[in-house]
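Since the structure comes first, as structure tokens, the remarks are kept for the end.
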Amino acid sequence: MERVGSVVRKTSETDVKLDFAVDGEGVSRIDTGVPFMTHMLDLFTKHGHFDLTVDAQGDIEVDAHHTTEDIGICLGQALIEALGDKRGIKRYGNAFVPMDEALAQVVVDLSNRPHLEFRAEFPSQKVGTFDTELVHEFLWKLALEARMNLHVIVHYGQNTHHIIEAIFKALGRALDEATTIDPRVKGIPSTKGLL
């Protein structure tokens, strides 16, 4: 069965169309109007071996907040749709990714219990024109809408771009592991019988 999700979200602030395939080839077609976010989503897609198409238009003349937030919402909803009842998945994923001097770790549990634990500090408030506080906003909305337990730990780093890049690469790799079908898993990977 093909594991894909499609979401359209239109508000007075944004218009987002997003297609997500769990079992992809790392192919991204992304236009967000927020260049740094586009770059991070491209890395996430490549390192997670997903396919992702995003066409997002937002009120970026104000700032990138609404666009970034709504992409997180849509990606989370698409992930939920793509995984269905989560039958046969590994459920948990953990990835460490170095980026030059920075080391980030992302741990996920596709538990149906949304939580974000964010242990990261950024030396700079901006990367180019991108407000770095929006990384937390994106991840929180992703965790909430995907109903997953998401832990982000930056062990160290000095360059803000490198730190954020390591986070997004680790997110892709951790989600790739968690969504992988494990032939040893019979049914739903929970003693409750439901996720």
Side-chain angles (χ1 to χ4, degrees), residues 1-11 14-30 32 37 40-56 68-97 104-118 135-153 167-195:
M1 187 175 75
E2 199 173 18
R3 299 191 294 169
V4 297
S6 295
V7 175
V8 175
R9 177 178 171 85
K10 188 172 178 62
T11 73
T14 65
D15 186 354
V16 181
K17 299 175 187 68
L18 186 147
D19 297 304
F20 179 72
V22 173
D23 306 305
E25 299 177 347
V27 176
S28 59
R29 291 177 293 279
I30 301 170
T32 68
M37 195 66 211
M40 292 303 108
L41 290 171
D42 188 46
L43 295 170
F44 161 78
T45 304
K46 187 72 169 179
H47 290 271
H49 307 287
F50 307 125
D51 288 343
L52 178 63
T53 301
V54 180
D55 181 8
T68 303
E69 177 181 39
D70 283 12
I71 292 170
I73 289 170
C74 291
L75 182 57
Q77 291 174 350
L79 178 59
I80 280 280
E81 180 185 340
L83 293 179
D85 65 6
K86 302 176 185 167
R87 187 173 302 275
I89 66 168
K90 287 188 174 181
R91 177 179 162 177
Y92 297 97
N94 177 34
F96 286 88
V97 169
Q105 180 184 12
V106 174
V107 186
V108 301
D109 175 10
L110 299 174
S111 61
N112 205 36
R113 293 188 306 277
H115 180 80
L116 173 64
E117 196 65 36
F118 189 77
V135 173
H136 181 279
E137 191 67 29
F138 171 84
L139 293 171
W140 166 229
K141 292 310 186 306
L142 173 64
L144 187 63
E145 296 296 331
R147 300 195 58 78
M148 71 176 164
N149 203 292
L150 174 58
H151 290 243
V152 176
I153 305 117
I167 289 171
F168 274 83
K169 288 177 176 176
L171 176 64
R173 295 181 68 87
L175 270 177
D176 178 44
E177 181 180 354
T179 58
T180 296
I181 299 293
D182 186 339
R184 299 170 299 169
V185 177
K186 307 304 179 194
I188 309 299
S190 171
T191 55
K192 297 180 178 72
L194 180 70
L195 283 175

Ignoring hydrogens and geometry, is there a side-chain-to-backbone donor-acceptor pair from [X] to [Y] under 3.5 Å?
{"X": "Ser190", "Y": "Lys192", "result": "yes"}
{"X": "Glu137", "Y": "Thr68", "result": "no"}
{"X": "Asp51", "Y": "Ala21", "result": "no"}
{"X": "Arg9", "Y": "Ile71", "result": "no"}

More than 12 foreign heavy atoms under 6.0 Å from CZ of Arg173: is that the case here?
no

To the nearest 0.5 angstrom, please state how far the [atom1] atom of [X] sits from the [atom2] atom of [Y].
{"X": "Glu177", "Y": "Thr180", "atom1": "CD", "atom2": "OG1", "result": "7.0 Å"}
{"X": "Thr11", "Y": "Glu69", "atom1": "OG1", "atom2": "CD", "result": "9.0 Å"}
{"X": "Ile153", "Y": "Ile167", "atom1": "CD1", "atom2": "CD1", "result": "10.0 Å"}
{"X": "Ser6", "Y": "Glu81", "atom1": "OG", "atom2": "CD", "result": "6.0 Å"}
{"X": "His49", "Y": "Asp23", "atom1": "NE2", "atom2": "CG", "result": "11.5 Å"}
{"X": "Lys90", "Y": "Asp176", "atom1": "NZ", "atom2": "CG", "result": "9.0 Å"}

Specify the closest pair of heavy atoms between [X] and [Y], including all atoms of both residues, with the distance to one decimal.
{"X": "Leu83", "Y": "Leu110", "result": "CD1-CD1, 3.7 Å"}
{"X": "Asp85", "Y": "Arg87", "result": "OD1-N, 2.9 Å"}
{"X": "Val16", "Y": "Ala56", "result": "CG2-CB, 4.1 Å"}
{"X": "Gly26", "Y": "Lys46", "result": "O-CD, 3.7 Å"}
{"X": "Pro114", "Y": "Ala143", "result": "CB-O, 3.5 Å"}
{"X": "Gly88", "Y": "Pro189", "result": "N-CD, 4.4 Å"}

Are Val27 and Arg29 close enough, and set up right, to give a side chain to side chain contact (heavy atoms under 4.5 Å, CB included), and what steps lead you there?
CA-CA 7 Å; Val27 176; Arg29 291 177 293 279; 3.2 Å; yes

Does a donor on one side chain sit under 3.5 Å from an acceptor on the other, for [X] and [Y]?
{"X": "Asn149", "Y": "Arg113", "answer": "no"}
{"X": "Asn94", "Y": "Gln105", "answer": "yes"}
{"X": "Thr14", "Y": "Asp70", "answer": "yes"}

Determine whether [X] and [Y] make a side-chain contact, defined as any pair of heavy atoms from C-beta on separated by less than 4.5 Å.
{"X": "Leu52", "Y": "Leu18", "value": "yes"}
{"X": "Phe96", "Y": "Val106", "value": "no"}
{"X": "Phe50", "Y": "Thr179", "value": "yes"}
{"X": "Leu195", "Y": "Arg91", "value": "yes"}
{"X": "Leu171", "Y": "Leu142", "value": "yes"}
{"X": "His136", "Y": "Leu116", "value": "yes"}
{"X": "Ile89", "Y": "Asp182", "value": "no"}
{"X": "Ile73", "Y": "Leu144", "value": "no"}

Mind checking whether Phe44 and Phe20 have parallel, tilted or perpendicular rings, split at 30° and 60°?
parallel

Could you walk me through whether Leu150 and Val152 pass the side chain to side chain contact (heavy atoms under 4.5 Å, CB included) test, one step at a time?
CA-CA 7 Å; Leu150 174 58; Val152 176; 4.2 Å; yes

Lys17 and Asp19 ion-paired at < 4.0 Å:
no

Verify side chain to side chain contact (heavy atoms under 4.5 Å, CB included) between Val107 and Tyr92, making sure each step is shown before the conclusion.
CA-CA 7 Å; Val107 186; Tyr92 297 97; over 6 Å; no

Audit row: Ile80, Glu145, side chain to side chain contact (heavy atoms under 4.5 Å, CB included) steps and yes/no
CA-CA 8 Å; Ile80 280 280; Glu145 296 296 331; over 6 Å; no

